[in-house]
Protein chains: 2
Amino acid sequence: MQGYDLKQEVTDKYSLRGRVFNKVREDILSGKYKENEELKEIAIGEELGVSRTPVREAFRQLELEGLIQIIPNKGAYVTGITIEDVKDIYMIRSKLEGLCASWACEHITKEQLEEMEENIYLAKFHAEKGHFEQMSELDSRFHEIMYEACNSKMLEHLLKDFHQYVQRVRRKTLSTIERSLASNSEHQAIMEAIRDNNPERADELATLHIHNAYENMVKNGLKEAYLNE
Amino acid sequence: MQGYDLKQEVTDKYSLRGRVFNKVREDILSGKYKENEELKEIAIGEELGVSRTPVREAFRQLELEGLIQIIPNKGAYVTGITIEDVKDIYMIRSKLEGLCASWACEHITKEQLEEMEENIYLAKFHAEKGHFEQMSELDSRFHEIMYEACNSKMLEHLLKDFHQYVQRVRRKTLSTIERSLASNSEHQAIMEAIRDNNPERADELATLHIHNAYENMVKNGLKEAYLNE
DNA sequence: TTTCGTATGATTGTATACAATTATACGATA
DNA sequence: TATCGTATAATTGTATACAATCATACGAAA
């Protein structure tokens with residue numbers, strides 16, 4: 001996520017450039033374009049029915065988002081995420097999610113708190129049933145609510161970027177019912193600390209939560225996911 | 001700093017786009033282009049002797065860096081930094097500089113440590129003389145060394161982005177000999193903790209250092225700097 | 001066979017032309 | 001006078017043409 005756009009909103013949705021940007025980003029994150037794959041301006045342009053100009057502009061942005069790397073006069077390549085990158089991101093995230101949770105104490109709205117509670121309640125159901133697809137959705141949404149509740153566009157955007165960035169890896173790792181339940185309990189504890197307006201505790205719990213998520217990831221085959229490629 | 005380029009290196013230095021990017025960025029950070037000023041593609045292009053194409057691509061990147069905001073079909077405007085943004089950045093930085101310092105304990109090289117010591121020694125001299133220009137340079141460099149020493153491109157880039165981003169504001173606020181000396185002492189304590197391979201202490205000291213820098217900034221007229229415009 | 005050099009093609013870099021959108025000026029009408 | 005609408009100009013959005021660079025293939029020379 002290079003060139004961290006410190007406080008931007010999503011890129012223009014309706015211009016051709018914006019559409020190319022979003023489409024290619026989605027395709028990278030979903031795994032359609034593999035790591036180190038070369039992306040050609042003409043090919044992408046033809047696929048989306050646009051000329052090279054908006055494609056090039058989108059590429060420049062994707063480069064700054066860290067999703068592709070552009071080598072001058074050579075080409076654009078999908079960025080690889082190393083095991084070290086993943087660890088770095090989780091350690092950084094753990095600090096920032098703590099900060100985010102502590103800020104949320106003061107700024108969360110009644111509606112956001114209610115959506116959190118609902119999210120936790122629903123997640124418990126799906127966790128027990130082993131519905132990992134829904135769990136993943138709910139997990140992402142829980143964190144998103146917290147990002148929005150911290151009342152800092154800067155931090156919100158930063159965390160969303162990081163969260164999105166590791167989605168690529170999360171898809172590769174296994175989930176277990178045990179971890180899903182534990183994770184949801186941690187969400188509940190964080191929510192309660194925020195609800196009780198206890199920023200120190202919210203910080204501590206959210207920090208620990210990301211640490212745990214990382215530990216679990218490592219335990220459940222992060223390395224293997226890489227070694228098998 | 002939208003679209004935080006999570007792990008990129010500096011933009012291509014020799015292409016026209018790269019040159020435009022660097023030049024405009026510098027001009028924004030130096031204050032040549034004021035907040036909310038409109039940047040026109042043709043004007044910038046003519047000034048630098050290039051066509052609109054590289055200018056547009058540079059603009060897209062600057063947008064993601066958070067330095068300008070592009071309104072579709074309308075124009076590009078220099079992003080304003082609010083007091084809240086500054087506070088957010090300093091709070092985020094304080095957490096991340098702590099993390100960075102703790103990581104540096106394990107990875108700093110002998111050369112980097114020596115440059116840190118030299119930096120502190122020189123800074124003491126300039127602080128006592130009231131050479132604020134040199135102090136600012138040395139301060140930036142001290143932090144840069146630490147960023148490089150943490151051995152994480154991700155964190156290094158993130159912190160450099162933030163550091164650069166607040167330069168615009170730092171220029172507006174006053175410096176005092178007292179704060180310069182105190183700041184340098186804090187640098188020394190951080191350096192010693194890193195040298196002694198004490199990550200907890202390094203974390204703590206670096207975190208506090210940024211907090212102090214922020215407090216000092218507020219005390220010395222951050223608000224006034226804004227109100228006077 | 002290996003190595004080097006050249007030619008060819010493919011791809012990116014840049015400039016320019018045209019289309020679409022937005023801002024401004026001016027005049028008509030109430 | 002005030003307001004609205006239209007015409008014009010300015011600016012951005014996109015497509016395309018051409019230049020520069022890089023990759024590849026092929027053949028000549030050792």
Side-chain angles (χ1 to χ4, degrees), chain A residues 2-3 5 8-25 27-28 33-79, chain B residues 2-3 5 8-25 27-28 33-79:
Chain A
Q2 175 83 36
D5 43 353
Q8 291 317 92
E9 279 312 303
V10 285
T11 307
D12 178 18
K13 215 173 154 184
Y14 301 104
S15 68
L16 294 188
R17 169 184 60 82
R19 275 162 44 198
V20 173
F21 178 80
N22 287 315
K23 181 66 167 58
V24 175
R25 168 153 83 170
D27 286 345
I28 291 175
Y33 300 131
K34 310 281 185 236
E35 288 191 4
N36 301 313
E37 183 170 342
E38 184 171 0
L39 301 183
K40 287 167 192 164
E41 297 172 356
I42 297 175
I44 303 276
E46 283 180 351
E47 194 180 322
L48 301 178
V50 301
S51 79
R52 283 175 55 216
T53 306
V55 175
R56 283 180 60 83
E57 291 181 7
F59 275 21
R60 296 296 172 263
Q61 297 192 297
L62 290 166
E63 182 184 29
L64 244 59
E65 287 252 311
L67 291 175
I68 67 175
Q69 185 179 4
I70 295 175
I71 300 176
N73 291 311
K74 191 137 178 290
Y77 302 86
V78 176
T79 307
Chain B
Q2 176 92 32
D5 43 351
Q8 290 318 93
E9 281 310 304
V10 284
T11 306
D12 177 20
K13 213 174 155 183
Y14 300 105
S15 68
L16 294 188
R17 168 184 60 83
R19 276 162 45 199
V20 173
F21 178 80
N22 287 316
K23 182 66 167 59
V24 175
R25 168 153 84 170
D27 285 345
I28 291 175
Y33 300 131
K34 309 282 185 239
E35 288 191 5
N36 302 314
E37 183 170 342
E38 183 171 0
L39 301 183
K40 285 169 194 165
E41 297 173 356
I42 297 177
I44 303 275
E46 282 180 352
E47 193 180 323
L48 301 178
V50 301
S51 79
R52 283 175 56 217
T53 305
V55 175
R56 283 179 60 84
E57 292 182 7
F59 274 22
R60 297 296 171 257
Q61 297 191 299
L62 290 166
E63 182 184 29
L64 244 58
E65 287 251 313
L67 291 175
I68 66 175
Q69 185 178 5
I70 296 175
I71 300 176
N73 291 311
K74 192 135 178 291
Y77 302 85
V78 177
T79 307

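In what follows, chains are A, B, ... by sequence order, proteins preceding strands, each numbered from 1.
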Could you measure the distance from the OH atom of B:Y77 to the CG atom of B:L39? Nearest 0.5 Å is fine. 9.5 Å
Separation of B:Q61 CD from A:Q61 CD (nearest 0.5 Å): 8.5 Å
Just N and O in the side chain of A:R60: are any of them under 4.0 Å from OP1 or OP2 of C:dT12? no
Looking at every heavy atom in both B:G66 and B:T79, which two are closest together, and how far apart are they? O-OG1, 3.0 Å
note: A:R17, atom CZ; D:dT14, atom P; distance rounded to Å ~ 8 Å
Tell me which residues in residues 44-52 of chain A put a heavy atom below 4.0 Å from DNA chain D, sorted by number, or none. A:V50, A:S51, A:R52
Between A:I71 (CD1) and C:dG13 (P), how many Å, whole number? 11 Å
Measure OH/A:Y77 against P/D:dC22 and give the value in whole Å, please. 12 Å
Considering just the side-chain nitrogens and oxygens of A:R56, establish if one lies under 4.0 Å of OP1 or OP2 belonging to C:dG13. yes
Check nucleotides 8-11 of chain C for protein N or O atoms closer than 3.5 Å to its own N or O atoms and list the pairs.
from   : atom 1 : to    : atom 2 : distance (Å)
C:dT11 : OP1    : A:K40 : NZ     : 3.2

In this structure, CZ of A:R17 is separated from CD1 of B:I70 (nearest 0.5 Å) by 6.0 Å
If you define the side chain from C-beta out and look only at heavy atoms, does anything of A:F21 sit under 4.5 Å from B:R60? no
Find the distance B:L16:CG to D:dT21:P and express it as a whole number of Å. 11 Å
Residues 40-49 of chain A, side-chain donor-acceptor partners within the protein, below 3.5 Å, at least two apart:
from  : atom 1 : to    : atom 2 : distance (Å)
A:E41 : OE1    : A:R52 : NE     : 2.9
A:E41 : OE1    : A:R52 : NH2    : 3.0
A:E41 : OE2    : A:R56 : NH1    : 2.9
A:E47 : OE2    : A:K32 : NZ     : 2.9

Sequence neighbours left out, what passes side-chain hydrogen bond (donor to acceptor under 3.5 Å, both in side chains) with B:D27? Give chain and number order. B:K23
Under 4.5 Å between any side-chain heavy atoms of B:R25 and B:L62, yes or no? yes
Could you tell me how far apart B:R19 (CZ) and C:dT14 (C1') are, to the nearest whole angstrom? 12 Å
Let me know the distance between CD1 of B:I70 and P of D:dT14, rounded to the nearest Å. 12 Å
Minimum heavy-atom distance A:E38-A:G75, with the two atoms named: OE2-CA, 4.1 Å
